[in-house]
Structure formats: structure tokens, C-alpha cells
Amino acid sequence: MLITISRLFAAGGSPVARSVAQALDWHLVDNELVERVAERAGVTPEEVAEREERPPSFIERLARLTAVELPELFLPTADAVEVFGEAHLARITRTIVEESAAQGRCVFVGRASAAVLARSEDTLHVRLVAPPSFRAKVAEEKLNVSNSEARAILDERDRNRARYHREYFGRNWNDPVNYDMVLNTGRLGFDGTAEVILARTRSLGWGG
């Protein structure tokens with residue numbers, strides 16, 4: 001039994017997941033996953049978090065394409081790990097998500113867990129959305145930025161998450177068909193959203 005929570009940036013994925021995990025007495029897989037990926041990759045958690053929230057540079061994309069299309073011309077260097085950092089981290093993340101899922105009774109937040117576990121049985125895939133105005137306010141408070149800066153960050157991070165899913169999983173991150181439930185935290189609130197998820201777990205006989 002597993003729950004994955006995909007979310008638009010600042011739509012409340014972490015607080016909703018925390019409430020659900022606490023009510024079910026399940027393991028929450030959120031920021032600790034970043035720490036585990038960092039440890040396995042030999043980098044800091046800050047580097048992993050930064051890598052996840054920004055698109056690869058043109059040079060990184062060019063190097064990746066060259067290595068795939070013209071491998072005989074690609075000579076590995078000391079910078080190779082950095083150049084292919086995102087792809088490397090994506091593979092590690094997939095492995096850790098699968099390892100955690102094998103233990104059962106987990107609530108995953110993001111990290112493409114819905115894509116990784118798309119074919120897993122007894123898994124509830126939830127998507128959280130909210131209006132830009134609601135999310136911008138959350139981002140303002142969380143990041144201590146202006147409203148205009150918050151809106152720019154929303155757009156950038158959502159675009160990057162969509163690109164990440166498309167490039168590494170061939171998946172449309174925004175397609176509601178990929179989820180069992182799509183919930184608007186701007187209308188339901190974080191607590192109300194958690195209650196809707198828990199109601200579904202009760203109907204499945206998972207407790208909560």
C-alpha cells in the first residue's frame with residue numbers, strides 16, 4: 001500500500017503528505033529522499049535540491065546529446081559527473097523510490113514517484129493543484145520573495161518538473177489521467193485535502 005503525491009510548486013504537497021502519513025502511521029518519504037540521493041551520489045543535499053529545481057544548461061544538454069549520438073567523440077573528463085548530473089541523479093532517485101516502495105506503507109512527495117510507481121499495485125496516485133494566486137502567496141511566505149518573484153518561480157519550477165518527467169519517463173506530468181485523484185488545495189485547504197485522501201484510503205480498507 002503506497003500513496004504518491006505529485007504537486008504543482010507551492011500547492012502544499014509536503015504539509016498534505018505529512019498529515020496523511022501521520023494519520024495512517026505510515027512512513028513519509030519527502031526531504032529524506034533528497035538526503036539519501038545526495039549520500040549515494042556523493043554530493044550535498046543542497047546540490048541535489050538545486051539540480052532538481054533548475055533545467056540543464058545548454059552545455060549540459062549538448063554534452064548529453066553528443067555522448068548519445070556520437071559516443072566515439074565523447075571523452076569522459078573530471079567534469080563528466082557534473083555534466084550528466086541530472087540523469088545520474090534521476091537514476092539514483094528511481095532506485096531509492098523503488099527500494100522505499102518495497103517496504104510498503106509509504107507516502108511519497110514528488111521526485112517523480114508517481115511515474116516510477118505507475119505500475120505498482122495497491123498504489124494511490126494523487127495530484128495537487130491550486131490557482132497561481134494561492135500558490136504565489138504560499139511561495140512568498142516560504143521563500144521570502146515578492147509576489148512577482150514568486151510567480152516567476154512558480155512558472156520556472158513547474159516547467160522544469162514537466163520537462164523532467166517528459167525527458168526521463170516519457171510522461172505528461174500535467175495529464176490528469178495519470179492520477180487517481182486531482183485535488184485543488186486552494187479550494188479544499190491543506191487539511192481538507194488530507195481528509196479527502198484519507199477518506200479514499202478508508203474506502204480501500206487502508207485505515208486512516
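No experiment lies behind these values; they were computed from the predicted model shown. These numbers come from the heavy atoms of this one structure, side chains and all, not from hydrogens, waters or symmetry mates.
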How many angstroms lie between atom [atom1] of [X] and atom [atom2] of [Y], to the nearest 0.5 angstrom?
{"X": "Ile197", "Y": "Leu128", "atom1": "CD1", "atom2": "CG", "value": "6.0 Å"}
{"X": "Glu35", "Y": "Asp30", "atom1": "CD", "atom2": "CG", "value": "10.0 Å"}
{"X": "Glu86", "Y": "Tyr164", "atom1": "CD", "atom2": "OH", "value": "6.5 Å"}
{"X": "Arg200", "Y": "Ile3", "atom1": "CZ", "atom2": "CD1", "value": "11.0 Å"}
{"X": "Asn31", "Y": "Ser14", "atom1": "CG", "atom2": "OG", "value": "6.0 Å"}
{"X": "Arg166", "Y": "Asn172", "atom1": "CZ", "atom2": "CG", "value": "8.5 Å"}

Treat each ILVMFWY residue as a node, draw an edge where side-chain heavy atoms are under 4.5 Å apart, and state whether [X] and [Y] are in one component.
{"X": "Val196", "Y": "Ile5", "value": "yes"}
{"X": "Val29", "Y": "Ile96", "value": "yes"}
{"X": "Leu188", "Y": "Leu124", "value": "yes"}
{"X": "Phe190", "Y": "Tyr179", "value": "no"}
{"X": "Ile92", "Y": "Phe169", "value": "yes"}

Considering residues, nucleotides and ligands other than [X], do more than 12 of their heavy atoms fall under 6.0 Å from its [atom1]?
{"X": "Glu39", "atom1": "CD", "value": "no"}
{"X": "Arg40", "atom1": "CZ", "value": "yes"}
{"X": "Asp155", "atom1": "CG", "value": "yes"}
{"X": "Asp25", "atom1": "CG", "value": "no"}
{"X": "Glu121", "atom1": "CD", "value": "no"}

Under a 3.5 Å cutoff, is there a donor and acceptor pairing between the side chains of [X] and [Y]?
{"X": "Ser148", "Y": "Arg151", "answer": "no"}
{"X": "Arg36", "Y": "Ser100", "answer": "yes"}
{"X": "Arg157", "Y": "Asn160", "answer": "no"}

Please give me the minimum heavy-atom distance between [X] and [Y], naming the atom from each residue.
{"X": "Ala17", "Y": "Leu28", "answer": "CB-CD1, 3.7 Å"}
{"X": "His165", "Y": "Ala112", "answer": "NE2-CA, 3.5 Å"}
{"X": "Pro132", "Y": "Leu154", "answer": "O-CD1, 3.7 Å"}
{"X": "Val34", "Y": "Pro45", "answer": "CG1-O, 3.6 Å"}
{"X": "Arg171", "Y": "Ala118", "answer": "NH1-CB, 3.8 Å"}
{"X": "Val182", "Y": "Pro176", "answer": "CG2-CB, 4.0 Å"}

Within a strict 4.5 Å, meaning less than it, do heavy atoms of the [X] and [Y] side chains meet?
{"X": "Asn184", "Y": "Pro131", "answer": "yes"}
{"X": "Phe9", "Y": "Val138", "answer": "no"}
{"X": "Val116", "Y": "Phe108", "answer": "no"}

Quick one: does [X]'s side chain have a donor or acceptor within less than 3.5 Å of a partner on [Y]'s backbone?
{"X": "Arg161", "Y": "Gly110", "answer": "no"}
{"X": "Asp180", "Y": "His125", "answer": "yes"}
{"X": "Arg7", "Y": "Val109", "answer": "no"}
{"X": "Thr185", "Y": "Ala130", "answer": "no"}
{"X": "Asn174", "Y": "Ala162", "answer": "no"}
{"X": "Thr95", "Y": "Arg91", "answer": "yes"}

Note to self: Go through it in stages, so that I can follow the logic: the residues are Trp173 and Asp158, the test is side-chain contact (heavy atoms from CB on, under 4.5 Å), and I'd like the CA-CA distance, side-chain angles, deciding distance and then a yes or no.
What the structure shows: CA-CA 9 Å; Trp173 181 60; Asp158 286 343; 3.8 Å; yes

Show the numbers, then the answer: is there a side-chain contact (heavy atoms from CB on, under 4.5 Å) between Leu8 and Arg127?
-> CA-CA 8 Å; Leu8 292 176; Arg127 167 83 162 169; 3.6 Å; yes

Charged tip of Arg105 within 45° of Trp206 ring normal and under 6.0 Å =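 Relative to the ring axis of Trp206, which defines the angle, Arg105 lies outside at least one limit.
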
### Message
Between Tyr168 and Arg94, is the side-chain contact (heavy atoms from CB on, under 4.5 Å) condition met? List the steps.
### Response
CA-CA 10 Å; Tyr168 296 109; Arg94 174 193 282 272; over 6 Å; no

| said: Between Thr193 and Val20, does the side-chain contact (heavy atoms from CB on, under 4.5 Å) criterion hold? Intermediate values first, please. | reply: CA-CA 9 Å; Thr193 299; Val20 171; over 6 Å; no

